[in-house]
Amino acid sequence: MKQILIVERLFDGEAFHQNMAVTIDAGKITAITAAANVIDADPSIVHHLAGTLVPGFVDVQVNGGGGALFNDQPSVECIETIGRAHARFGTTGFLPTLITDDVSVMAKAADAVADAIKHNKAGVLGVHFEGPHLSVPKKGVHPQQFIRKISDEELAIFSRQDLGIKVVTLAPENVSTQVIKSLVKAGVRVCLGHSNADYDTVVAALDAGASGFTHLFNAMSPLGSREPGMVGAALENQDSWCGLIVDGHHVHSAAAKVAINAKPRGKMMLVTDAMPPVGMSEDASFELFGIKVVRQGDRLNASTGELAGCVLDMVGAVNNSVTMLGLAHDEALRMASMYPAQFLGLEKSLGVIKPGFKADLVLLNSANQVSRTYIGGKIVFAQ
């Protein structure tokens with residue numbers, strides 16, 4: 001169904017524009033023009049919107065939301081619940097993320113994602129397997145009993161061609177460069193993380209085809225003057241992408257600023273690492289592999305002390321990047337939309353507002369909070 005959105009302000013991914021008209025038809029943007037040029041249009045398809053229309057947010061690391069955790073319920077219904085919860089905060093595309101678990105759970109998660117993609121469930125772009133081939137010293141809250149060497153069973157899951165975009169986070173000290181090359185050949189975007197690898201091991205993994213780093217700084221060997229570690233390799237490399245959690249707890253603002261300044265523009269992307277309490281009440285708590293995780297304001301801690309993911313949402317990450325890091329709003333928006341879309345290879349369909357692109361859009365109010373979310377031109381959330 002054709003519709004025309006008349007917006008006070010438009011951020012198309014490059015610049016802000018005033019009083020613009022965006023035409024949508026069959027789920028895609030077909031035209032963008034000055035609002036004054038819209039004449040003789042059928043009034044029934046014209047919608048006047050107050051606020052700023054921006055590209056929909058793309059989140060490559062989403063463990064849960066709306067009370068649901070993908071590991072606990074590896075099903076299409078769980079994916080839909082997570083998607084609805086995050087759509088309230090502007091996420092229009094996401095990778096349901098499964099942390100370290102038994103191979104049977106991995107298989108169920110893969111089947112659920114494949115089914116969701118087959119039936120065009122809103123926002124589902126693929127899947128992120130965060131583990132299980134990680135480093136025990138840098139496991140964080142990942143269950144140690146499931147951390148293991150890669151086997152043919154996992155390789156078969158990672159090699160499936162019905163999962164959309166596939167991201168696998170691994171520790172390169174525990175996975176050979178030959179296996180990394182095989183994964184990349186099978187269409188996997190290999191991210192490095194939860195790792196105690198030294199600099200040379202990380203560089204070798206990048207040379208083998210790894211292209212990203214999962215939640216930079218967190219659960220990885222740090223940057224030192226004589227031992228650059230994974231952080232040093234990530235910041236030095238000009239071609240890889242880094243996910244960054246900007247919640248005020250996972251990464252100090254000074255460290256985040258250093259990282260953003262070190263990487264080329266476009267290589268740092270915002271992620272939420274979100275857990276079930278996103279979209280839930282302030283006192284929401286949950287269990288993760290039998291360990292209680294408690295929410296205290298905007299922080300999640302396991303009863304064993306570790307940070308246990310986030311209650312961060314994407315519009316919150318954007319606004320935090322402005323207030324905590326001093327980024328310009330347009331660059332923070334790109335870090336939530338254009339840059340993750342580029343990382344996923346979707347730069348020709350998502351991440352900007354231009355003709356030919358999917359109509360995944362977010363309307364922000366004057367406080368830069370989400371008042372409306374569109375996926376494929378359909379309203380999936382309205383305040």
Side-chain angles (χ1 to χ4, degrees), residues 60-61 63 71 95 97-101 106 127-151 154-155 158 166-184 188-245 250-252 255-256 258-259 262-263 267-269 271 273 288-289 302 304 306-310 343:
V60 306
Q61 190 178 4
N63 310 292
N71 281 74
L95 300 184
T97 301
L98 191 84
I99 72 167
T100 298
D101 213 323
M106 295 175 67
V127 63
H128 184 164
F129 291 102
E130 188 184 355
H133 317 300
L134 307 178
S135 163
V136 170
K138 294 292 184 181
K139 70 179 182 62
V141 294
H142 285 243
Q144 183 171 337
Q145 68 267 31
F146 294 126
I147 293 175
R148 57 191 182 272
K149 297 288 187 181
I150 197 164
S151 75
E154 290 95 6
L155 286 172
F158 299 154
K166 300 172 292 186
V167 173
V168 173
T169 295
L170 55 82
E173 68 268 40
N174 293 332
V175 180
S176 72
T177 54
Q178 191 56 50
V179 169
I180 291 173
K181 289 178 182 178
S182 297
L183 289 171
V184 172
V188 174
R189 282 165 170 77
V190 174
C191 284
L192 308 177
H194 284 279
S195 167
N196 217 17
D198 61 21
Y199 169 83
D200 291 334
T201 301
V202 178
V203 170
L206 290 166
D207 289 343
S211 57
F213 292 88
T214 293
H215 47 49
L216 182 68
F217 293 110
N218 302 118
M220 61 178 59
S221 47
L223 168 63
S225 60
R226 294 180 180 85
E227 296 181 5
M230 181 168 281
V231 172
L235 297 184
E236 178 194 42
N237 186 271
Q238 300 292 289
D239 299 319
S240 58
W241 282 265
C242 295
L244 189 66
I245 301 173
H250 279 76
V251 181
H252 191 284
V258 168
K263 295 291 283 186
K267 295 298 185 178
M268 197 69 71
M269 55 189 179
V271 298
D273 195 17
L288 187 64
F289 297 99
T304 47
E306 305 97 334
L307 283 169
C310 297
F343 166 65

Taking the side chain from [X] and the backbone from [Y], do they hold a donor-acceptor pair closer than 3.5 Å?
| X | Y | answer |
| --- | --- | --- |
| Asn71 | Leu98 | no |
| Lys139 | Gln144 | no |
| Lys267 | Asp239 | yes |
| His128 | Leu95 | no |
| Glu154 | Ser151 | yes |
| Ser221 | Ala197 | yes |
| Glu173 | Asn196 | yes |

Could you tell me if the side chain of [Y] sits less than 4.5 Å from the side chain of [X], heavy atoms only?
| X | Y | result |
| --- | --- | --- |
| Pro132 | Ile147 | no |
| Ser135 | Asn174 | yes |
| Asn63 | Asp273 | yes |
| Leu288 | Ile99 | yes |
| Phe146 | Leu134 | no |
| Phe343 | Val167 | yes |

Can you name the nearest heavy-atom pair linking [X] to [Y], along with the distance?
| X | Y | result |
| --- | --- | --- |
| Phe213 | Ser240 | CE1-OG, 3.4 Å |
| Ala259 | Phe217 | CB-CE1, 3.8 Å |
| Leu216 | Ala234 | CD1-CB, 3.7 Å |
| Thr214 | Cys191 | OG1-CB, 3.4 Å |
| Val141 | Leu307 | CG1-O, 3.4 Å |
| Thr177 | Ala208 | O-CB, 3.7 Å |

Distance check, rounded to the nearest 0.5 Å: [X] atom [atom1] versus [Y] atom [atom2]?
| X | Y | atom1 | atom2 | value |
| --- | --- | --- | --- | --- |
| Leu155 | Ser182 | CG | OG | 7.5 Å |
| Asp101 | Glu130 | CG | CD | 12.5 Å |
| Ile180 | Leu192 | CD1 | CG | 6.0 Å |
| Arg148 | Thr100 | CZ | OG1 | 7.5 Å |
| Leu183 | Gln178 | CG | CD | 10.5 Å |
| His194 | Met220 | NE2 | CE | 8.5 Å |

Identify the residue among Glu227, Arg226, Glu236 that makes a side chain to side chain donor-acceptor pair (under 3.5 Å) with Tyr199. Glu236
Under the criterion side-chain contact (heavy atoms from CB on, under 4.5 Å), I'd like the reasoning laid out for Phe129 against Met106: C-alpha separation, chi angles, the key distance, then a yes or no. CA-CA 8 Å; Phe129 291 102; Met106 295 175 67; 4.0 Å; yes
Thr304 side chain to Glu306 side chain, donor-acceptor N/O pair below 3.5 angstrom: yes
Evaluate ring-ring contact (aromatic ring centres under 6.0 Å, His included) for His215 paired with His250, printing each intermediate quantity in order. CA-CA 9 Å; His215 47 49; His250 279 76; 7.3 Å; no
Quickly, which of Met268, Arg189, Lys263, Met269 forms a side-chain contact (heavy atoms from CB on, under 4.5 Å) with Trp241? Name it, please.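 Answer after filtering Met268, Arg189, Lys263, Met269: Met269.
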